[in-house]
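Worksheet: one structure, shown below.
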Amino acid sequence: MSSKKDMRRADLAIPYVDPPKSSSDADISSTMSSTMPMAAMFTRNRMIGWVSFVFSLQTWLGESPDQKKNAATPAYMSVFMSLMALVVTYFPLFMPPQAPGGRAAPAPTPLPSA
């Protein structure tokens with residue numbers, strides 16, 4: 001019959017120590033939250049605009065004190081940029097583009113159903 005005694009030695013246990021973080025690690029979340037609004041504005045893609053807004057909001061709310069101290073621009077600026085990207089992508093709904101003659105562009109004709 002086997003004994004229930006623990007054979008591990010407590011004096012040989014080494015506690016886990018988290019390795020120090022390198023200062024050269026790139027902060028990918030701040031990079032993404034600053035480039036995605038620009039991509040949304042250039043492509044006028046609303047989905048990229050909403051994703052950039054959610055991503056930059058998460059980055060701003062999850063910012064650590066070290067990231068605040070080392071960041072070149074504050075995180076709320078990327079939230080503002082993503083909101084501006086949403087404004088740019090939804091702007092043609094409220095102010096339709098003008099035709100070259102100064103009139104509003106005609107509505108597209110529907111395709112005949114087959």
Hydrophobic cluster membership, with links at side-chain heavy-atom distances under 4.5 Å among I/L/V/M/F/W/Y: are [X] and [Y] in one?
| X | Y | value |
| --- | --- | --- |
| Tyr76 | Leu86 | yes |
| Phe94 | Met84 | no |
| Trp50 | Leu57 | yes |
| Met32 | Val51 | yes |
| Met41 | Met47 | no |

Any chance you could measure [X], atom [atom1], to [Y], atom [atom2], to the nearest 0.5 Å?
| X | Y | atom1 | atom2 | value |
| --- | --- | --- | --- | --- |
| Ile28 | Thr59 | CD1 | OG1 | 10.5 Å |
| Ser82 | Phe55 | OG | CZ | 11.5 Å |
| Trp60 | Gln67 | CH2 | CD | 14.5 Å |

Could you pull out the closest heavy-atom pair between [X] and [Y], with the gap in Å?
| X | Y | result |
| --- | --- | --- |
| Met36 | Ile48 | O-CG2, 3.7 Å |
| Thr43 | Ala39 | OG1-O, 2.7 Å |
| Pro19 | Tyr16 | CD-OH, 3.6 Å |
| Ala85 | Pro37 | CB-O, 3.5 Å |

Above 12 or not: heavy atoms from other molecules or residues under 6.0 Å from OH of Tyr90? yes

Answer yes or no: are there more than 12 heavy-atom neighbours, outside Ile14 itself, under 6.0 Å from its atom CD1? no

Got Met81 and Thr73 here, is their nearest side-chain heavy-atom distance under 4.5 Å? no

